[in-house]
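A short write-up of the structure that comes next.
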Amino acid sequence: MIEVKQLHKSFGSNEILKGIDFEVKKGEKIVIIGPSGSGKSTLLRCLNYLERPTSGSVKVEGQYFVEPQNKFSEKHVASLRTEIGMVFQRFNLFPTMTALENVIAAQVKIRKRSKEEARKTAEHYLNKVGLAERMDHYPSQLSGGQQQRVAIARALAMEPKVMLFDEATSALDPELVGEVLKVIRELADEGMTMVLVTHEMKFAEEVGDRIIFMDNGFIVEEGHPKEFFRNPKNERTKAFISQVE
Ligand code: ADP
Ligand code: MG
């Protein structure tokens, strides 16, 4: 489904991604872990074109998404971006719109759906994340966990091929983490293709089909969750795992 080849990203002379290669199969859940500053967010942002990679390629379902010459126009990039949903640590909801309006907005603007169709889709996905009763609330009237679930519904309403989660629970109070993980787990069980960055190691082990460990702009090790956590091979992976557990 996704094929990433020799992806590089520099900011000025600072090379953050130093040649990333990996594949994601349809329905697969890839969990990326690694120390702060290792390039995890930059990698996800490149996959979603929030950052333009410096070089390398990404194919989604066999079509170039990032092409080797890096010549896609901004307009084309914007249309590609809609195929990939992303959920951030900070929910970034529009404060002056209700939950429902937040989920409708991008569908109308970017997917060019009618208001009516967008509303139906929004209701469906807000219902799915357990917020049927909260659709008319403003973000300030919702808990962090509820706001993050609105953000997930907003991404799902675009009906993306893949969902990226960048530390989706890191900004939440501990008691609110569970409700968001539950929604992500349900999506995983339904077969959504996902790439997740998380610090929740237990969740990573349960949901991940494969774990990728990044350090300093490289993929250092990857493996099946059980094997990866029980029997890490690389010294840096070992050190990281013993630190977070
Ligand atoms: P992680 O998510 O693994 O903590 P990031 O991808 O956020 O790591 O950051 C990796 C490095 O890239 C950091 O040193 C960060 O300062 C740098 N970086 C990220 N975004 C930018 C940017 N827009 N401009 C310059 N440097 C950046
Ligand atoms: Mg990050």
Side-chain angles (χ1 to χ4, degrees), residues 2 4-22 24 29-58 65-66 70 72 74 77-78 80-81 84-93 144-145 147-148 151-152 155 160 162-174 176-177 180-181 184 194-205 207-208 210-223 225 228-229 232 234-245:
I2 308 181
V4 180
K5 277 197 182 153
Q6 278 304 302
L7 201 69
H8 289 254
K9 175 66 185 175
S10 300
F11 294 105
S13 61
N14 200 2
E15 189 170 49
I16 304 301
L17 300 180
K18 300 175 180 169
I20 300 286
D21 295 278
F22 68 98
V24 189
K29 285 54 141 155
I30 305 290
V31 179
I32 302 176
I33 63 173
S36 178
S38 56
K40 306 180 298 296
S41 294
T42 303
L43 173 57
L44 290 198
R45 291 170 64 81
C46 283
L47 292 181
N48 195 31
Y49 264 122
L50 291 171
E51 303 285 356
R52 203 183 258 265
T54 311
S55 64
S57 69
V58 179
F65 194 81
V66 173
N70 199 5
F72 284 161
E74 278 310 311
V77 163
L80 291 172
R81 193 179 289 132
I84 303 206
M86 185 146 172
V87 175
F88 306 87
Q89 187 173 335
R90 300 258 156 229
F91 335 120
N92 307 323
L93 299 176
Q147 288 181 59
Q148 189 59 304
I152 294 172
V162 183
M163 285 282 285
L164 311 176
F165 292 89
D166 191 1
E167 299 192 25
T169 59
S170 296
L172 298 175
D173 291 334
L176 302 177
V177 168
V180 173
L181 292 184
I184 299 175
M194 297 181 178
V195 182
L196 306 110
V197 172
T198 184
H199 291 304
E200 303 280 339
M201 292 301 140
K202 187 162 164 285
F203 183 73
E205 184 165 352
V207 170
R210 205 144 39 92
I211 312 289
I212 287 178
F213 176 69
M214 271 183 77
D215 192 17
N216 193 24
F218 289 106
I219 293 179
V220 171
E221 182 166 353
E222 65 175 280
F228 182 91
F229 286 111
N234 186 283
E235 289 306 321
R236 280 183 285 171
T237 318
K238 283 182 196 169
F240 181 76
I241 291 175
S242 65
Q243 217 174 42
V244 290
E245 273 177 351

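All ligand and atom numbering here is 1-based and tracks the order in the structure.
Ranking protein heavy atoms by distance to atom 17 (C) of ligand 1, first place goes to I16 CD1, 3.8 Å. Scanning all protein heavy atoms for the shortest distance to atom 10 (C) of ligand 1 gives G37 O, 3.4 Å. Of the protein's non-hydrogen atoms, the one nearest atom 7 (O) of ligand 1 is S41 CB, 3.6 Å. Scanning all protein heavy atoms for the shortest distance to atom 18 (N) of ligand 1 gives F11 CE1, 3.6 Å. Shortest contact from atom 8 (O) of ligand 1 to any protein heavy atom: G39 N, 3.2 Å. Given atom 5 (P) of ligand 1, the protein heavy atom at minimum distance is T42 OG1, 3.7 Å. Remark: minimum distance from atom 3 (O) of ligand 1 to any protein heavy atom is reached at K40 NZ, 2.8 Å.
Looking at Y49, its side chain does come within 3.5 Å of a backbone N or O of F65 through a donor-acceptor pair. S10 places no side-chain N or O within 3.5 Å of a backbone atom of G12 that could act as its donor or acceptor partner.
Taking the centre and axis of the six-membered ring of F11, the NZ or CZ atom of K9 falls inside the cone set by 45° and 6.0 Å.
Of the N and O atoms on the side chains of T237 and E221, at least one donor lies less than 3.5 Å from an acceptor on the other residue. Residues S41 and D166 bring a donor and an acceptor atom of their side chains to less than 3.5 Å of each other.
Below 4.0 Å from some heavy atom of P35 lie the following atoms of ligand 1, by number and element: 3 (O).
Around the Mg ion (ligand 2), protein N, O or S atoms at less than 2.8 Å number 1.
Ligand 1 lies nowhere less than 4.0 angstrom from a heavy atom belonging to G34. In this structure, G12 falls outside the shell of residues with a heavy atom less than 4.0 angstrom from ligand 1.
Remark: F72 engages H76 in a ring pair (Phe, Tyr, Trp, His ring centres under 6.0 Å) (not counting sequence neighbours).
Among all heavy-atom pairs drawn from G144 and L176, the shortest one is N-CD1, 4.0 Å. The two residues I32 and K40 come nearest to each other via the heavy atoms CG2-CG, 4.0 Å.
Residue K238 places its NZ atom among more than 12 non-hydrogen atoms of other residues, nucleotides or ligands, all under 6.0 Å distant. In this structure, R52 places its CZ atom where more than 12 heavy-atom neighbours from other residues, nucleotides or ligands lie under 6.0 Å away.
Electrostatic pairing of D21 and K5 does not count as a salt bridge here, judged by no charged N lying under 4.0 Å from a carboxylate O.
Shown here, atom 15 (C) of ligand 1 is out of close reach of the protein: none of its heavy atoms lies under 4.0 Å off.
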